[in-house]
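Below you'll find the structure I mean.
For the numbers below, each heavy atom of this structure counts, side chains included, while hydrogens, waters and symmetry mates do not. Here, residue 1 is the first one in the sequence, and each next residue gets the next number. The structure presented is a predicted model; accordingly, all values stated were derived computationally and were not measured.
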Amino acid sequence: MGQPVRDYLLTLCITAAVTYLLTGPVRKFAIAAGAMPEIRARDVHREPTPRLGGIAMFFGLCAGLLVADHLDNLNSVFELSNEPRALLSGAALIWLIGVLDDKFEIDALIKLGAQMIAAGVMVVQGLTILWLPIPGIGTVGLTQWQGTLLTVALVVLTINAVNFVDGLDGLAAGMVCLAAAAFFLYAYRIWFGYGIEAAAPATLFAAVLMGMCLGFLPHNMHPARIFMGDSGSMLIGLVLAASAISITGQVDPDTLLVFEGSTREATHAALPVFMPLLLPLTIIAIPMADLFLAIVRRTWNGQSPFAADRGHLHHRLLEIGHSHSRAVWIMYFWSSLIAFGTLTYSVHSESMWIILPIVVLSAVGLVLLLLPRFQPRAPLWAQSFVPPRYRRRRRTGEEGEPVPGEPSREGPGAAPEEPADSVRVPEGINGATAVGHRSRLPERGKVGSPR
């Protein structure tokens with residue numbers, strides 16, 4: 001693959017380095033500016049944590065695009081297309097709204113309007129969907145209004161999907177990074193594999209997005225020292241949506257005729273990732289599912305779709321007994337399985353060998369999800385070698401005496417007995433469940449503050 005890969009790697013590294021180095025000063029600025037809101041009912045962290053991490057991510061985005069503009073193999077993207085400028089304009093607007101929200105808590109409807117305006121700014125500058133590949137029909141051209149409405153809807157959905165999933169340390173940045181990696185591989189294949197120059201901007205956007213997330217993750221992994229806030233979650237959501245719109249609505253499937261034989265065959269060959277309505281569901285399927293379930297749940301309960309609660313997927317993982325870190329890694333697993341599974345299927349859609357590993361890995365993922373439901377107990381001979389939560393509980397007789405043959409929980413590593421009238425403090429809120437019994441989070445309550 002040669003020189004272009006090195007240029008992309010350099011762009012990614014510069015973006016990650018700038019984001020990483022700026023996150024520390026941004027954290028101090030956030031503390032000084034008072035961007036440390038009090039812990040809300042839906043939060044899982046136990047100490048006030050500064051936000052505004054999106055400031056570092058935005059400057060990382062600017063640095064990555066600036067470096068790419070001066071590289072021989074990537075500067076043609078800026079000369080032949082206006083999409084990088086369109087992305088930067090929309091990103092600057094959505095980032096500014098996010099910064100104000102992190103500090104002053106802007107109303108949800110105002111943020112929704114700003115997201116639509118940012119999408120409109122990108123459409124005006126040429127970053128829009130021009131046509132759709134429809135199975136069995138071929139390429140269908142869209143009118144200006146149709147393309148604009150579809151583009152705005154895709155941008156708003158993707159931004160809010162990423163924003164909704166940003167509830168655990170490192171979750172949103174890691175999931176978007178995985179989605180961007182899968183998207184980069186697909187876009188690179190379209191550009192250099194098929195020689196289609198229209199896929200170049202999407203490839204660049206995906207590389208820069210990976211750098212933004214990788215640079216921020218060391219500061220955001222559990223326990224997080226800083227949160228990206230809405231200024232970061234909305235920003236990376238917009239960049240991901242821009243990548244999808246660029247390659248979906250700008251690349252003409254007819255250019256694949258040389259390799260696929262006909263318009264319909266070309267459409268079917270590119271279908272797994274080419275369909276704009278399907279692409280967000282496959283690349284970021286987990287955040288989209290969380291967004292859909294949240295809207296249905298809140299509407300069903302008579303609440304506003306923008307009313308925050310503790311019913312998101314990551315909250316439910318904590319409730320069934322997963323620790324903070326394990327819940328994040330499970331979400332990573334499912335995101336990788338869906339994104340890279342779809343990517344592999346788009347390359348070899350006729351191979352049945354792809355389905356078998358996906359089915360096996362899905363079964364493994366289900367076992368991981370249900371793991372806290374099982375309460376394995378070590379055999380008697382291994383009681384002294386395992387953590388207390390895996391030891392057999394001591395059964396007592398009618399007079400409170402231990403049953404013969406049952407191991408005693410007393411000892412240096414045993415958990416103390418709790419009085420019957422004691423109230424257990426919830427464990428596992430911040431992942432501290434390595435020793436002792438797991439306990440559920442407090443019952444979810446209605447939260448009136450907007451997300």
Side-chain angles (χ1 to χ4, degrees), residues 26 29-30 33-43 49-59 61 86-125 127-128 148-167 172 176 226-242 245 280 284 287-288 290-299 301-312 446-451:
V26 167
F29 169 76
M36 296 179 61
E38 297 180 357
I39 298 178
R40 299 161 294 188
R42 69 177 184 267
D43 293 331
T49 305
R51 295 192 283 187
L52 293 177
I55 296 179
M57 304 179 80
F58 177 75
F59 284 105
L61 169 67
L87 170 66
L88 192 58
S89 301
L93 177 59
I94 204 69
W95 169 75
L96 180 60
I97 296 298
V99 170
L100 295 177
D101 179 66
D102 289 340
K103 172 59 180 175
F104 302 107
E105 291 286 346
I106 297 178
D107 185 76
L109 292 178
I110 297 179
K111 289 193 294 182
L112 179 62
Q115 295 167 8
M116 300 175 67
I117 294 175
V121 168
M122 295 194 298
V123 169
V124 170
Q125 300 186 59
L127 187 56
T128 183
T148 300
L149 292 177
L150 187 56
T151 301
V152 171
L154 183 59
V155 170
V156 172
L157 282 174
T158 307
I159 289 177
N160 285 281
V162 175
N163 190 25
F164 275 33
V165 83
D166 182 27
V176 172
I226 184 174
F227 296 151
M228 67 173 66
D230 281 6
S231 59
S233 61
M234 293 197 300
L235 175 64
I236 60 178
L238 181 134
V239 177
L240 186 59
I245 292 170
I284 51 171
M288 280 293 182
D290 194 18
L291 172 64
F292 176 76
L293 293 174
I295 293 176
V296 172
R297 179 179 63 253
R298 295 167 184 175
T299 306
N301 293 330
Q303 299 176 340
S304 168
F306 304 101
D309 58 18
R310 291 178 60 89
H312 294 290
K446 296 182 180 179
V447 182
S449 60
R451 184 158 182 99

Checklist line | CE-CG distance between Met116 and Leu149, expressed to the nearest 0.5 angstrom | finding: 8.5 Å

Next item on the list: Using the side chain to side chain contact (heavy atoms under 4.5 Å, CB included) rule, pick out the option among Val155, Val156, Leu154 that qualifies with Val152.
Entry: Val156

Next item on the list: Compare every heavy atom of Ala86 with every heavy atom of Gln125, then report the nearest pair and how far apart it is.
Entry: CB-CB, 3.6 Å

Note to self: On a heavy-atom basis, which atom in Gly90 and which in Val121 lie closest, and how many Å separate them?
What the structure shows: N-CG1, 4.3 Å

Next item on the list: Could you please spell out the steps behind the side chain to side chain contact (heavy atoms under 4.5 Å, CB included) verdict for Ser89 and Met122?
Entry: CA-CA 7 Å; Ser89 301; Met122 295 194 298; over 6 Å; no

Notebook entry, point to check: At their closest point, which heavy atom of Leu61 faces which heavy atom of Ala91, and how far apart are they?
Noted result: CD2-CB, 3.8 Å

Item checked: CG on Leu235 to CG on Leu240, rounded to 0.5 Å -> 11.5 Å

Checklist line | Closest contact, heavy atoms only, Thr158 versus Gly237 | finding: CG2-O, 3.5 Å

Next item on the list: Kindly compute the distance separating CG (Leu96) from CZ (Phe58), expressed to the nearest 0.5 Å.
Entry: 9.0 Å

Item checked: side chain to side chain contact (heavy atoms under 4.5 Å, CB included) assessment of Phe227 paired with Leu52 -> CA-CA 7 Å; Phe227 296 151; Leu52 293 177; over 6 Å; no

Item checked: Shortest non-hydrogen separation from Ala118 to Leu238 and the atoms involved -> CB-CD1, 4.1 Å

Next item on the list: Mind running side chain to side chain contact (heavy atoms under 4.5 Å, CB included) on Ile94 and Gln115 for me, showing each step along the way?
Entry: CA-CA 6 Å; Ile94 204 69; Gln115 295 167 8; 3.6 Å; yes

Notebook entry, point to check: Do Met36 and Arg51 touch side chain to side chain, with heavy atoms closer than 4.5 Å?
Noted result: no

Notebook entry, point to check: Is Asp102 reaching over with its side chain to a backbone N or O of Ser231, donor-acceptor style, under 3.5 angstrom?
Noted result: yes

Note to self: Between Trp95 (side chain only) and Gly54 (backbone N and O only), is there a donor and an acceptor less than 3.5 Å apart?
What the structure shows: yes

Checklist line | Heavy-atom closest contact (Asp166 atom, Gly229 atom, distance) | finding: OD2-O, 4.2 Å

Check: Would Met234 and Val162 satisfy side chain to side chain contact (heavy atoms under 4.5 Å, CB included), going step by step from the backbone distance to the final call?
Finding: CA-CA 7 Å; Met234 293 197 300; Val162 175; over 6 Å; no

Check: Donor-acceptor pair, Asp101 side chain versus Ile97 backbone, under 3.5 Å?
Finding: no

Notebook entry, point to check: Has the side chain of Lys103 got a donor or acceptor atom that lies under 3.5 Å from a matching backbone atom of Ala33?
Noted result: yes

